Each structure stands twice: as structure tokens, then as C-alpha cells.
**Student:** 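This is the structure I have questions about; it appears just below.
Atom set for the values below is all heavy atoms of this structure, side chains included, hydrogens, waters and symmetry mates excluded. Lettering of chains follows the sequences in order, A, B, ..., and the numbering in each one begins at 1. Since the structure is predicted, the reported quantities are computational estimates derived from the model, not experimental observations.
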Amino acid sequence: MEYLNIFVKSIFINNMIFAYFLGMCSFLAVSKTVKTSVGLGAAVIFVLGITVPVDYLMNTYILVPGALSWIGAEYANVDLSFLSFIMFIAVIASMTQLVEMVVEKFSPSLYSSLGIYLPLIAVNCAILGGSLFMQQREYQNIGEATIFGIGSGIGWFLAIVAISAIREKISYSNIPAPLRGLGITFIITGLMGIAFMTFMGFKL
Amino acid sequence: MSKTKERELLFSPKNIRLLTSPLGKENPITMQVLGICSALAVTVQIKPAVVMGISVIVVTAVGNLIISAMRNSIPNRIRIIVQLVVIATLVILVDQVLRAFSYEVSKQLSVFVGLIITNCILMGRFEAFAMANKPWPSFLDGIGNGLGYGIILVVVAVVRELFGSGSLMGYKIIPESFYNFGYSNNGLMIMPPLTLIIVASIIWFQRSRDKDLIEK
């Protein structure tokens, strides 16, 4: 039950885009057509699903105060938590590199359809945000962390697919000239965010 | 660089333009679409917005300076990792300083200080400017872009705090008599999605003043 709760919460209530605005840069830049945004969204689910559990292990066994006690009793007082940013970003950068190599080797067609978006994921705020929220919320075990990672990825996926569908439609509408492009996208995202707020307080 | 150009003034018109153009025509948020990620969630009140703005100015300026100084010795293939390491180191410094000197604000900003690392302004400016220019112009460019980002943040925060909780910097601005006449704070302003609409209004305003900026 706890897993389901975390899953639904991370998709709808704590949606990466509508509640925290994470990953907005690629969200705004890539959401012009549905096809590319499905590709990017899938890649984000994948990378979040890998990096959050890996960062969870890093956090529990290396970074938090007393985490190093598995090496020996004399390390029990070491607190490395100030290193978490640099560790997390290193994990994310190397994981995206790894994912890129694996995808290129085993599925060239997927690789060519994702193209430049795969390496760009390393600097997508949603990925690092996922790891930092995982650290802040102190999930109990690696299962919860994985569910949280995958759920946030799915939330991001839903958001980018929805907005790209809307943007495809409004390309035929008559929008006031100064609002065209960026401005109207911001407003639509804001309105969608208000719609997503109705999920608030929703509990399983 | 030729010998004659070596003695360029520290504040030549070109350098001044580097500092001021990100405030208007090349604003990182409204024109270049950089750094929206971590920006918008910290603008409910002015104080965290100001702290966030200052942190970003420091990180962009110093980061641009470091990357620009090292630009000739960074191998092209691993430049993204080098850039990330420089940024992460600076952000850790900023985070520790914030925790030491203003713990309350640091709590309020929560993960968003860490998210400066993936703030697109940094990578964007490193790639577009610092990798190709000398340290001093890069430093100015960093300060300019950080300022442009900070200004938008503060404007949004002023609107949200004034209409959302009737105060500025924590001091009550809207007098009690207004509330007696039936004025009430706009609860929607506190909600995150309204930030996007405020930024959209800023973009609308800016682009209708300057027709060159309109997208076709």
C-alpha cells in the first residue's frame, strides 16, 4: 500500500513539472511535437528509474553521517553529506553516458530516434531534483526510492506529452503576437498546473 | 590577440554591453529560456528570491571566470563533465555558506540550491560564452546573466508576496483598513502555477514594448 501511495503521489500530486517546475528547460524546448516528446519522456523515465536507486545506495552507504561504519568502527563518525551534490551529479552524468552506450549498442533505431536528447538528460533538473528529493524525504528502503524515481519520471512524461499535444493544436490559432511561442506556452503550463492542483490532498 | 588590442579598458563600451544586455534584450529567462527550472519555486517571498538571485550571480560569475581561464586546456570530449564538476564545487560552497550564515533561508530553499547545478544558465553561458572568450569579459557576462535572472526572480516575488500575503520583505504593506472594507489576499498567488502566468505577463509586456523580439 505504501508503494502505491508513493507511486500515485509522485505522478500526480508532487508532479515534477506542475508542482516544482523541474526540467522546465527541456520541457519548453522539446515540446513542439508529440513524437519527440514521447521519446524524451521515455528516456527521462528510464534514467530516473536508474539514478534514483543508485543515488539512494550512495546516500545510505557513503554519504549520510555514520554510513561508512560498514568499513570499520573507526569510520562511524564520518559525515560526508556535504559531498552529495557532486556525487549525485557524477552518478547522473556517468549513468546517462552508460545508458547512451547501451542503447546505441542494443537498439540503434531507438538511439537514432532519441538523438541529442539522451546526453541532454544529464543537465535536466528533474533528474537531479529526483535524487535530492529522495535524499530529503528519507525513503525507508531501495524499493520505495525506485518507485519514487519511476513515478516522477511518468509524471514528467505525462506532462510533456500533454503540452506537446496542446501546442500542436494551437499552432493554428490566432494568438496575440507578443505572446506567440514562449509566452503562450507559459500560460498553458500555468493553467495545466492549476488543473493538476485538484489532485492535492489526494491520499490512498 | 594582437599586441595593440592588449590594453583594452576594463570597462570599455563592449564590456559594459556584456553586463547590461542580459538585463533587457537578452534576458536569460524571458528571451533565452534558460534557468527556469529552479527559479520559479523560490519566488513566494522576496527574501528567498533575493538570496537565490545572489547565489546564482556568484556561481555564474565565478564559474564563467574559472571555465574561461581553463578553456584552452579542457579536452573537448569531456568538457561537460569538467563543467559539471566546477559548478558542483561552487554550489557546494554556496550551500555551506548559506547553511552557516542564514539557516532559515537555506531551509526554505531546500533542494533548490542544489539544483543550481543543473540550472541551464550555467551550462548555457559556459558553452556559449566562457569557452570562447577571455576571463574578464566572461566574468562580466556571468554577472550580467546572473543579474538578469535575479531581476526577474525579484519582480515575480514582489508581485506574489504583495498580492498573496499583503506584505513586502515580511512587512505588512496593505493597511488593515483595506481588509475591513472586504479586501482579501489572493490565495492563488501563493500557488506555484501562478508564477508561470506572471512570467508570461512579463514576457508579453517586454515583447509588446520591443517589436523585434516577437516570434513569428
**Student:** A quick test of your reading: do over 12 heavy atoms of other residues, nucleotides or ligands sit less than 6.0 Å from CG of Asn141(A)?
**Tutor:**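 Result for CG/Asn141(A): enclosed.
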**Student:** Return the minimal non-hydrogen interatomic distance between Ala200(B) and Gly183(A), and the atom names on each side.
**Tutor:**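 Smallest interatomic distance, heavy atoms only, reads CB-O, 3.6 Å.
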**Student:** More than 12 heavy atoms of other residues, nucleotides or ligands under 6.0 Å from OH of Tyr56(A): yes or no?
**Tutor:**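 For Tyr56(A), atom OH is crowded (more than 12 foreign heavy atoms under 6.0 Å).
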**Student:** Can you say whether Ser201(B) sits under 4.5 Å from chain A via the side chain, the backbone, both, or neither, judging by heavy atoms?
**Tutor:**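 Neither part.
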**Student:** Is it the side chain or the backbone of Ala19(A) that comes within 4.5 Å of chain B heavy atoms, both, or neither?
**Tutor:**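 Just its backbone gets close to chain B.
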**Student:** Can you check whether anything in residues 84-94 of chain B gets within less than 4.5 Å of chain A, heavy-atom wise, and list it by number?
**Tutor:**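 The list, in residue order, reads Leu84(B), Val85(B), Ala88(B), Thr89(B), Val91(B), Ile92(B).
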**Student:** Do any side-chain atoms of residues 48-60 of chain B form donor-acceptor pairs under 3.5 angstrom with protein atoms, and if so which ones, sequence neighbours left out?
**Tutor:**
from, atom 1, to, atom 2, distance (Å)
Ser55(B), OG, Val51(B), O, 2.7
Thr60(B), OG1, Val56(B), O, 2.7
Thr60(B), OG1, Ile57(B), O, 3.1
Thr60(B), OG1, Gly142(B), O, 3.2

**Student:** What is the distance from atom CE of Met192(A) to atom CG of Leu196(B), rounded to the nearest 0.5 Å?
**Tutor:**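 Between atom CE of Met192(A) and atom CG of Leu196(B) there are 11.0 Å.
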**Student:** Which pair of heavy atoms, one from Arg180(A) and one from Arg207(B), lies closest together, and at what distance?
**Tutor:**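 Here Arg180(A) and Arg207(B) meet closest at O-NH1, 3.6 Å.
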**Student:** Find the one option among Leu122(B), Ile198(B), Ile197(B) whose heavy-atom pairs under 4.5 Å with chain A are most numerous.
**Tutor:**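 When all of Leu122(B), Ile198(B), Ile197(B) are compared, Ile197(B) has the most.
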**Student:** Which heavy atom of Gly190(A) sits nearest a heavy atom of Pro193(B), and at what distance?
**Tutor:**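 It is O-CB, 3.2 Å.
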**Student:** Does any heavy atom of chain B fall under 4.5 Å from the side chain of Leu128(A), the backbone, both, or neither of them?
**Tutor:**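 For Leu128(A), backbone and side chain are both near chain B.
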**Student:** Mind checking the CH2-CD1 spacing from Trp204(B) to Ile184(A)? Nearest 0.5 Å is all I need.
**Tutor:**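 Rounded to the nearest 0.5 Å, the CH2-CD1 separation comes out at 8.0 Å.
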